[in-house]
Structures are given as C-alpha cells and as structure tokens.
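Worksheet: the structure to be examined is printed underneath.
The chains referred to below are lettered A, B, ... by the order of the sequence lines, with proteins before strands, and numbering in each begins at 1.
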Amino acid sequence: MPIDDREHGSEEPAPIAHASHAAPNEHVHLSHRHTSRLEAARSGERAERRVALAVACLGYLVLATRNPRVWGQGLWAALALLAVPAVAGVAAGLVAEARSDFGERLRRAAGGVGWAMGGYALVSMTMVRARMGSGTSSALLTIPVVAGVLAVAAGLVGGLCAAGVSRLAVKE
Amino acid sequence: MGLHLEERADGSLALYMDGDLQFDTHDEAYYHECLALPALCLAEPAQAGALTVTILGGGDGLALRECLRFPGVARVTLVDYSHEVVDLARGRLAELNHNAFADPRVTVVCGDAWDYLEQADPCDVLLVDLTVPRRTDECRLHTREGYARMKRVLAPGGVAAINGLSPQRTPEAFWCLRRTMRAAGLFSLPYRVPMPSFWAHGYGVWSFFLAARRPLRRRVLADLTCPVSTRQADFSALHALSRFARSERHVEALVPTNTLAEPCLLPLILNPRETRPPASPDGEDEPYRLDGLLSALSILHPYHTREMVETLAADVVGTVRRLDLDRLVQALLERAARLPAELVAELVRLREFLRGRAEGLERLGLWCQRVLVILYLVVTMANLLSPDNVFAKGSFGAHGSFGHASSTHSTSIGGGSSTASAHVTGRGFGAGYGRGHVTDIEGRTTGARRFLYDPDTVHIYLGHGYRGPRPAPAQAEQNAVIAAASDVLVMDNGDVVVTLADDAYLVASQGQVSLLSTKSGTPLTALYADPDLFKRLGDEVQRQRGAVTKELELRRDWLGWVGWARFLPTVNADRLEAANLADAGQRLDKSVQRLGKPASSESLGAPDPTSVELFVGGYLSPDGKVSLRQPDRSWLTTDGRHLDRGDSSQACPPELAAALRSIMTKLEKDMTADLAATWTDLSTLDKDLATLKTDLTEYQRLSGANGPSYYVDYGTDSITAQDAISRTERDITQTQSDRDNLAREAQRMQTDLGHLRPAMPRFGAAEK
C-alpha cells in the first residue's frame, strides 16, 4: 500500500531543529560569512598587538642595557614610559584595522606594550634583586606591583597613541 | 472498572474485570463448586433445613447458582458493588448462572460489602468471591478488621469460603491472608484449586480458604459428603489439595498481619517471590512468537493479557505491512543525502557556541601560560647570573685574626681577606643600624662594643723615658660601629680597634698603634707600628668599603626601579638600608684616612726565634718575660712585676700586667684547642696512612699474582694494578708529608705552651 502524502506529511522532510528561524542553507552561508569576518577581525587584532609588542620589546631591549639609575631617572622615565610606548603605539595604530573602534585599538596596543613593559620590568627587577642577595621573598609583592603599575602606565600611553593614530588615519 | 466479556468461536466465554480473568466457561464450574459446596456441606445451620447464605462479590451469579442448587438453602443475599456485573449476570450470563437472580430466595444488594458486613444479620454460610485486590482500598476486606466483621456475621456453626490467592505465585500474600484470619480469631483451612484457565494466564495454582469460628481440621475434607452432584469438582481430592508442605507453611511465620493501620497485602501481591510467567502448558497455536515481545516489555502488568498483547502485535504487523517500503527507502535516502550539509551547519553552530563559552577559560589559560613562562625565564636567568643568591647559598669569607699576626696556629692575617663577595643578607643596616649595635658587612649584628680611650692622647708613650705630662684618663667611650673582621672593629670616630682579649686591645690610627686595657682610661703603651699590620688592616677596611659600595650600588639600582613606590613598606625599608650603607661607607672611608701610614716601612721580627708571639709587637721569651717593641724600635720588657727598658727599671703597672695576662690566657686557650684539633688530625692521618699502606700491599700482591695489567678496584674506579700502586704510593708520600708538617706544628705548639703556661702566673691570677 503506497504511502499517502496527505496522511504522512509532505515529501520534503522537515529540517533539523534550528535555533534561528532561518532556512538551513541560509544559516550555513551566514555562518561562513560570520566566521570569515571573525577570523579577519581576529587576525587584525593579533597583528596590531604583535606589532605593539615587537616594537616595545625592541625599545625595552635597548633600555635594558643599562639600569634606570645609570640612564638617569628622568631620562629613563621619559624613554620607558613615553618614548618607547609612543613609538610602539604609533606603529600598532598604523596597522590597526580601520573599522575597529577607539576602545578596541587602545586595548590591543596597550596589551602589547603593557606586556613588553611588564616583562622588561619583571625580569630586570628580579635580576637586580637576585644580585642584591637579600633574597626575593621580601620583594614578592613589590616586584609584581611595580611591574604592574609600570606596565599599565606604558600600556596606556601606547594604547592612546595607537588609537589616536588610527583615528587620524580614518579621518584622512 | 473495565469489564470485558470474551466470546470465543467455540461458544465459550471468559469474563475479565480490569484485565483480571474472573471466569472461563471451560473450568468455571470447577471453581465455583470448590468455592461454594464445601462450605455449604460443612455449615451447621442455626435452624435445621434453613441455611442462610451471604455472598460477597460473585456478581456473575455463578456462585449463587451453586448455592441455589444445594438442598436446604432458605435465603441467599448477594452483595456486589457493581451494577454492570449484576446486569450482565441477569442478561448475557443468565443462561450460564441458570437464571439464578430470578430465584425468590435471592436478595441482591448493590453496595459496599464492608459497609454491609457492619450491620448484616448472621448467616450460616459466607462466600467471599471478590476480585484479586489491585488497589489498597480493595484490600480492606482482607484486613484483620475485615475478617473480624466476617466473623461477627458468621453464625456459630457457620462456615465461610474465601477466594484466596495463589500459594504458588504469591506465597507471601497467600500466607498473609491465613495469618490475618487467625489474627481475627477465625479458624481457617486453605486448599488448592488448580484452574487451567488461571494457570494459562500465569496466575498459578489458585486457592480458597474455609474459615469458621470453630476449629476446622483437614480430615473434614476427607470425610466430606456432598448431597449434590458436581460437574467438574472432585471432592475426594480435596483433602490432598489441602496439604501444604512445612516449607510452605513456614512462610506464614515470616509475613506480617494485614491490618488497616499497617496494610501489607498489596505489596506482597505486587512483589511476589516468583514473577516469571510459566511456559505455555498446552502449546496452543500462537499467531506470533510473543516471547520476545513479552520480554521486551519493560513492565508486564497482569492486565496485559495474552490476547491484548496479540492484538497489539497484530496492529503493529498490519501497520508494517501497509508500508510502501520502496517509497519509504527512497524518502530516507533523499533525506540522508541532505543530511551532511545540515550536519556541517549544526557542527559549525556548535563550534561557535563552544568558542563563545570557552573563550573565558581559554583566556585564563593563556594568562597562566604567560605568567608561568615569564617566571620560568626569570628564575632561569637569575640562576644563570647569580646561582648562589637565587638559592640563598651565599656566604661571606672567613674572618681572620689580626692581633696574632704571625702565629701559624691562629688564623693567618693574610687569610682573613676573603675574595668572596659579601652580600647584605642580615638586617643590620636596617632600622637598628648605628644604635649601639655592631654590624658586619653581611648585615649581621652583635652586641654593643664600647672602648674607653681618648682619641687625641691614645698614642702618648707612657713607658720609661716619657717626659710629658701624664694624660688624664679618658672620660668618653668610643662606640664600635662596623665589624670589619672578627677582631677588627671600626669605631664611630674612624679609629680601628683590634681586640686581643677581654682586657686588652690595640688602637690603630694616624700611623700609630697602642696597647690599651678595657679597664683603664689611659693607654698602656705605644707599640711599634708594624707596616704589615697597617697594610692588612687597610686592605681589609678597603675591601669592606668596596663591598659596601657594591651593595650600595645594587640598592640604588633597585631603588631606581622601585624608589617611587613609597607606599610599599618594603621600599621604605630598602631606602633606609641604602642610606645606612652609605653611612657605613663614609665611616670606612674615614677609617682608612685615620688609619694613616706608619713612619717606618720595615717589619721587625721577634727578639728571640724561640719567642712566642702574643700579638703584633709583643713576644713571650722562654725566660717568661714579655717584650714589647716600642715605637723607637727598643724593647720594653716585663716579667709582670718590673718594667725594664735598657738599663732603667720601674714597677710594672698592674693594668699592663693584667692586660698581658688576659692576652696570654686567651692565647693559651686558643692554642690548647688548636693542639687538640691537631692531635685529632694527626690521628686521622695515621689511620689514613695505615689504610693506604694496607691497600698498597694488596695491590702489590694482586700485581704479583696476576700481572701489572690486572684490573683492581681503586675507589669507585677500576684501574690496572700498576696504576693503583703508583697512585697509592703517591698518596702515601703526600699523606706522610702532611703528617710530618702537622706533627711539627703540634710540636711547636707544645713548646709554645710549655713557655706560656709557666709564665702566666707571674702576670697575676687568672680571672674567673
């Protein structure tokens, strides 16, 4: 006995349940588009952050050849907290994705510069403390706090520079 | 209530109530004859020839039919709660029950038997033909209270016949009924009723109970004489059917009594010991193989009769047969062809979902990874740069003795200078620095050290030939600030003090050195400024200055990083430590300046080669006199009583004698300890030497026996015997040389002690 379509439903099988009301094929295409856009955005974000990190690391590598005291406190502060982060931020801003907003650009560049400054400060301070021979236990709190503050400061400068450069580029 | 009358093709009938078989016309006569007739036979009517019967249940009229054909039955009351059953009995089943309801002796009460028993008149025969209880309220009549009501209704000579359960399938429930009847005060007599229809439905062998207010013995069934003929029942077998084995009867002791307060019958019915249905006894033709289907059913209720299951199976088979399989398969294939794309879409969605959820954890993991990598790099680099400091193994070098400059048995002055870098590990340069404590370069603190002397007049010569005024005793104490070595202290005024003993010390400053007593405010005597002593002192202070400078720079480097973070207590402590280190450096600088250089650059020796050096410029001669070299290179000698210089003599100041005594006491103590240690070392060397000689003998024996190329154990190595012999001989030579040197040293110390000990009493009694 043949199947009666009127009784057993249409010949077109029902689609698998979807969260959205879009047709299955349409959903697949949307997902692909979304995914590729997401990948592109993440790739841009990674590039921006990597440029900031690389330039900052280069700058801090030069600074690490001498101690802040030898550089002179004022000069070192100007270089470590202004010059290097600014250069790194500008470099990151130049490669930043134009569509990203101010906050995102700031955050990405600040992350790269901040990590570089944090690493530089952490390693340098630990080495100095180790040479002192007083033990690092008393500096367990000091080193992370100081490194963190310096990283935030440098990251903020770098992030602001990156965001500012990107904004200028967008206006032009 | 579900009532189902099954009418078969052969004209037989079967009645089901709620799925339970009530009767099957194939054997219903057997059932009802066994239920009604024994009780009717055994009842002793209150009025002869006028039996009164009450039937509880039995609405189908079949038990009623058996009662009405029994002689002497005057009145029958049938109590059934179901109108439907009674109506069915009056209609479709009237032929089967011989139209019993039309009999004038019959009274039908449609109502609850429980309520009826409460106010019923006594009867001679009580037939309880109720359905098997499937709900708790249906068990009410089978409680102790229910049986008590039946007992009350039953006449003294009356007999009740009660539809029981299967002692085979539900033995616990069956014996629970018996126990409950006994609890209600009824004497009961159970007997089996093997019903084929019941057996086929899986009910097992059925049973009835005879109950009475008087004792009922099994033999009454053996002697049972029924005045009416039976169609299927054979009462001659009734006695055998009432026999239960001891193991079966034993169950009655194990089950509880069913009461209204604590009902237990239904659980016992629904949870029988044996639940597996028996195999089909007669092998009747089955349209489908139902065993697999039945086993696949997770719950098989007694309501699910074989016919019901067959009907269900027939429906399923019919549905399957109506399917167009070709079209179905085609539709499934088309659906399957579309499935991969849909699956891909679903998986993509799942990936995005998981990414969104896992992003937080991913980020946390990334951070942890970064922190761990940085920590690893920092520790590795720090370990490479300064392994001792990373693992807190640093130590400062030995502290030499400056006072006993040329004595070989004390630590050499030259050896006091350590090339190891000092690190401030203690807290001596912290808040407590300069507050009376003495701090060494490692930051360790000792107690306050104060010396009473006048820095301006400390080097005035008081011995023979001194022409100037005697300086007034010092009034102010000088405090030691830094311990440059174990016996070298840097004073707060920059002078360097070399402690010799408890009572004596040297003050070196401005290229001069003087001997002082801790008990006198005036100096004892000036001494020849030995250039070697000044060089060693200057070198040590300079080394200390260098160490301080290095430590200070490290702290400044550190403060260059963290100096701005004054809100942290540790940073403030570091700043204070740096300031104190700077102060210590200034003091050491000042000390170097005040130390100056001696006028002469010539180092002078002892007056006699056999003399014992007490300190720099002070010697003990074998004759027991102490010679002190004066700044003008002349000797000032004293035996403790007289102080001689050239041809002049005067009484020895008691402070000088006491100071020398103190120095000798300390020296004697140190030498004694050194000598004991030397003897111990000598003993060890002797043992080593003996062991080496034994080893050499063994190697030589092995070499002679096996040849020089024979491999022998040499420590943890395996080398040739020839090599072992040469190495051992070399070790013996070296050990012997060491032993000889040590023995000479011990001999010299013994000689020195031989000079020292007799001389000591001349310089005063030892202080306790």
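Considering only residues two or more places apart in sequence or on other chains, D492(B) meets the salt bridge (charged side-chain N to carboxylate O under 4.0 Å, His left out) condition with none of them.
Rounding to the nearest 0.5 angstrom, the gap separating the CZ atom in R555(B) from the CZ atom in R131(A) is 12.0 Å. Here the straight-line distance linking atom OG1 of T142(A) with atom CH2 of W561(B) works out to 14.0 Å at 0.5 Å rounding.
Contacts with chain B (heavy atom to heavy atom, under 4.5 Å) involve these residues of residues 59-80 of chain A, listed by number: N67(A), P68(A), R69(A), Q73(A), W76(A).
Using a 4.5 Å cut-off between heavy atoms, F353(B) makes no contact with chain A at all.
A salt bridge between D574(B) and R129(A) is present, with a side-chain N of the basic residue lying under 4.0 Å from a carboxylate O of the acidic one.
Heavy-atom minimum distance, L554(B) versus V128(A): O-CG1, 3.8 Å.
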Apply side-chain contact (heavy atoms from CB on, under 4.5 Å) to V145(A) and L568(B), showing your working.
CA-CA 9 Å; V145(A) 167; L568(B) 295 171; 4.2 Å; yes

As a quick check of understanding, evaluate side-chain contact (heavy atoms from CB on, under 4.5 Å) for I143(A) and V562(B), giving each step before the final call.
CA-CA 8 Å; I143(A) 291 176; V562(B) 305; over 6 Å; no

